[in-house]
J.: 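Input: one structure, supplied below.
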Amino acid sequence: MALLTILEYPDPRLRTHAVAVTSFDAALSRLIDDMFETMYAAPGIGLAASQVNVHQRLVVMDLTENRDQPLVFINPEILERSGGGITEEGCLSVPNIFDKIERAQQVRVRAQDRDGNSLEREFDGLVAVCLQHEMDHLEGRLFVDYLSDLKRERIRKKLDKERRSRGSSGGSAKAPAGALAI
């Protein structure tokens, strides 16, 4: 397995629309394993292939502390959304930035697993929020797109400044209580 480079906002490659996965082969399996390793090391709870500059419709997630319930969604589609709520979100592609985003609290999803088998399931709570967040990446959207233009500009400037100083300090900010980098 290998650690992959996570693209960071405002990298224009994050705006690429992902294409459907058509080949369920050893290369896809290796990519899934590498994405899990990258997500766990970041650390995060979800990662879309678009974030690692692979523009295929693939999402990996694991919301457990023990990292023992990996979820793989290939070619995911949200069939239904219901309920609404505000969650504090962060993103591995927008490091150390967290803000409140309104999303559906329940979703019904159709996807394929790593072997190409179809699945249809309902999810709620944080799993539903994380899945919507990751699927946004597949459409070239980021959670900062839900914020005002002013907030987005401030975030971009802050990240630019952090990138310039990252070489000397290498530190990272801590997530607010209850917030997770998705």
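We count residues from 1, following the sequence as given. Model, not experiment: these values are computed from the prediction.
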J.: Restricting to non-hydrogen atoms, name the atom on Cys130 and the atom on Gly46 that form the minimum distance, rounded to 0.1 Å.
T.: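 That would be SG-CA, 4.1 Å.
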J.: Checking Asp160 now: which residues fulfil side-chain hydrogen bond (donor to acceptor under 3.5 Å, both in side chains) with it, not counting sequence neighbours?
T.: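 Per chain and number, Asp160 pairs via side-chain hydrogen bond (donor to acceptor under 3.5 Å, both in side chains) with Arg156, Arg163.
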J.: Judged by atom type as modelled, is there a donor-acceptor pair below 3.5 Å linking the side chain of Asp11 to the main-chain atoms of Arg13?
T.: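 Judged by distance alone, yes, a pair lies under 3.5 Å.
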J.: Working to the nearest 0.5 angstrom, can you tell me the gap between Phe98 CZ and Ile155 CD1?
T.: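 Reported to 0.5 Å precision, the distance equals 11.0 Å.
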J.: Are Ile78 and Leu126 grouped together when hydrophobic residues (ILVMFWY) are joined by side-chain heavy atoms under 4.5 angstrom apart?
T.: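 As far as the 4.5 Å side-chain criterion goes, Leu126 and Ile78 are connected within one cluster.
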J.: Taking the side chain as C-beta and beyond, is there a heavy-atom pair between Cys91 and Gln51 under 4.5 Å?
T.: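 Cys91 reaches Gln51 side chain to side chain.
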J.: Quick one: OG1 on Thr16 to CG on Asn53, what's the gap to the nearest 0.5 Å?
T.: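 Answer for the OG1-CG pair, Thr16 versus Asn53, is 7.5 Å.
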J.: If you measure from CD on Glu153 to NZ on Lys157, what distance do you get to the nearest 0.5 Å?
T.: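 The CD atom of Glu153 sits 4.5 Å away from the NZ atom of Lys157.
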J.: Do you know the tightest heavy-atom contact between Ala104 and Ser82?
T.: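 Reported closest heavy-atom pair: CB-O, 3.6 Å.
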J.: Is it possible for you to say whether Phe123 and Leu138 belong to one hydrophobic cluster, with membership spreading through side-chain heavy-atom contacts below 4.5 Å?
T.: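 Phe123 and Leu138: one cluster.
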J.: Taking all atoms of both residues into account, what is the closest heavy-atom pair of Glu88 and Lys100, and its distance?
T.: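 Shortest heavy-atom contact: OE1-CG, 3.8 Å.
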J.: Measure from the side-chain N and O atoms of Arg57 to the backbone N and O of Val21, and report whether any donor-acceptor pair falls under 3.5 Å.
T.: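 Between the backbone of Val21 and the side chain of Arg57 there is no qualifying donor-acceptor contact (under 3.5 Å).
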J.: Using a 4.5 Å cut-off on heavy atoms from C-beta on, say whether the side chain of Leu28 contacts that of Leu58.
T.: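 Result yes, sub-4.5 Å side-chain heavy-atom pair found.
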J.: Looking only at heavy atoms, which two atoms of Glu162 and Pro95 are closest? And how far apart?
T.: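 Answer, listing the atom of Glu162 first, then Pro95: OE1-O, 4.1 Å.
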J.: Assess whether side-chain contact (heavy atoms from CB on, under 4.5 Å) is satisfied between Glu139 and His17, documenting all intermediate values.
T.: CA-CA 5 Å; Glu139 300 301 324; His17 288 255; 3.4 Å; yes
J.: Would the distance check show the side chain of Glu134 and the main-chain N or O of Ala48 forming a donor-acceptor pair, the cut-off being under 3.5 Å?
T.: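 Present.
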J.: Just wondering, do Gln56 and Leu31 contact through their side chains at under 4.5 Å, heavy atoms?
T.: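 In short, these two side chains touch, coming nearer than 4.5 Å.
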J.: Between Met35 and Leu7, is there a shared hydrophobic cluster once you connect ILVMFWY residues whose side-chain heavy atoms come closer than 4.5 Å?
T.: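 No, it is not one cluster - the side chains of Met35 and Leu7 are not joined through contacts under 4.5 Å.
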J.: Is the shortest side-chain heavy-atom distance between Ser93 and Ile6 below 4.5 Å?
T.: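 Touching, per the 4.5 Å side-chain cut-off.
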J.: Would you check if the side chain of Glu37 reaches a backbone N or O of Ala2 as a donor-acceptor pair within less than 3.5 Å?
T.: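 Confirmed, Glu37 side chain pairs with Ala2 backbone.
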J.: Examine the side chains of Ser29 and Arg114 and answer whether a donor and an acceptor come within less than 3.5 Å of each other.
T.: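 Per modelled atom types, Ser29 and Arg114 side chains form a pair under 3.5 Å.
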J.: Could you tell me the separation between the CG atom of Asn96 and the CG atom of Leu159, rounded to the nearest 0.5 Å?
T.: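 One gets 8.0 Å once the value is rounded to the nearest 0.5 Å.
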J.: Using side-chain contact (heavy atoms from CB on, under 4.5 Å), reason through Met61 and Phe73 one step at a time and then give a plain yes or no.
T.: CA-CA 8 Å; Met61 296 173 17; Phe73 299 92; 4.1 Å; yes
J.: Got His137 and Leu142 here, is their nearest side-chain heavy-atom distance under 4.5 Å?
T.: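 Yes, at least one pair of side-chain atoms sits under 4.5 Å.
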J.: Apply side-chain contact (heavy atoms from CB on, under 4.5 Å) to residues Val109 and Arg121 and explain how you reach the verdict.
T.: CA-CA 5 Å; Val109 177; Arg121 291 186 52 195; 5.9 Å; no
J.: Quick one: CG on Leu71 to CG on Asp113, what's the gap to the nearest 0.5 Å?
T.: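 Result: 11.5 Å between the selected atoms.
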J.: Quick one: closest heavy-atom pair of Asp62 and Pro70, and the distance?
T.: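 Looking at all heavy atoms of both residues, the closest pair is OD2-N, 3.6 Å.
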J.: Are any non-hydrogen side-chain atoms of Ile101 and Leu147 less than 4.5 angstrom apart?
T.: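 Ile101 vs Leu147: side chains touch.
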J.: Dump the intermediate steps for side-chain contact (heavy atoms from CB on, under 4.5 Å) on Gln105 and Asp124, then the final yes or no.
T.: CA-CA 5 Å; Gln105 294 299 300; Asp124 61 10; 5.9 Å; no
J.: Tell me whether Arg110 contacts the main-chain N or O of Glu77 through its side chain, where contact means a donor paired with an acceptor under 3.5 Å.
T.: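 Not a single qualifying donor-acceptor pair exists.
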J.: Kindly confirm or rule out a cation-pi arrangement of Arg103 over Tyr146, judged by NZ or CZ under 6.0 Å from the six-membered ring centre and within 45° of its axis?
T.: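 That pair qualifies as a cation-pi contact.
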J.: Shared ILVMFWY cluster between Ile45 and Phe143, side chains joined below 4.5 angstrom?
T.: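 Different hydrophobic clusters.
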J.: Please examine the side chains of Ile74 and Ile32, heavy atoms only from C-beta on, and report whether any two atoms are closer than 4.5 Å.
T.: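 Of all side-chain heavy-atom pairs linking Ile74 with Ile32, at least one is under 4.5 Å.
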J.: Compare every heavy atom of Pro43 with every heavy atom of Arg67, then report the nearest pair and how far apart it is.
T.: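 The pair with the smallest heavy-atom distance is NH2-CB, 4.1 Å.
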J.: State yes or no: do Leu14 and Leu47 share one hydrophobic cluster built from I, L, V, M, F, W and Y residues joined by side-chain heavy-atom distances below 4.5 Å, directly or via other members?
T.: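 No, Leu14 and Leu47 fall in different hydrophobic clusters.
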J.: Could you tell me whether the side chain of Gln132 reaches within less than 4.5 Å of the side chain of Met135, counting heavy atoms only?
T.: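 The answer is no; the side chains never approach within 4.5 Å.
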J.: As an exercise, state the distance from CZ of Arg152 to OH of Tyr9, rounded to the nearest 0.5 Å.
T.: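 Those atoms lie 6.0 Å apart.
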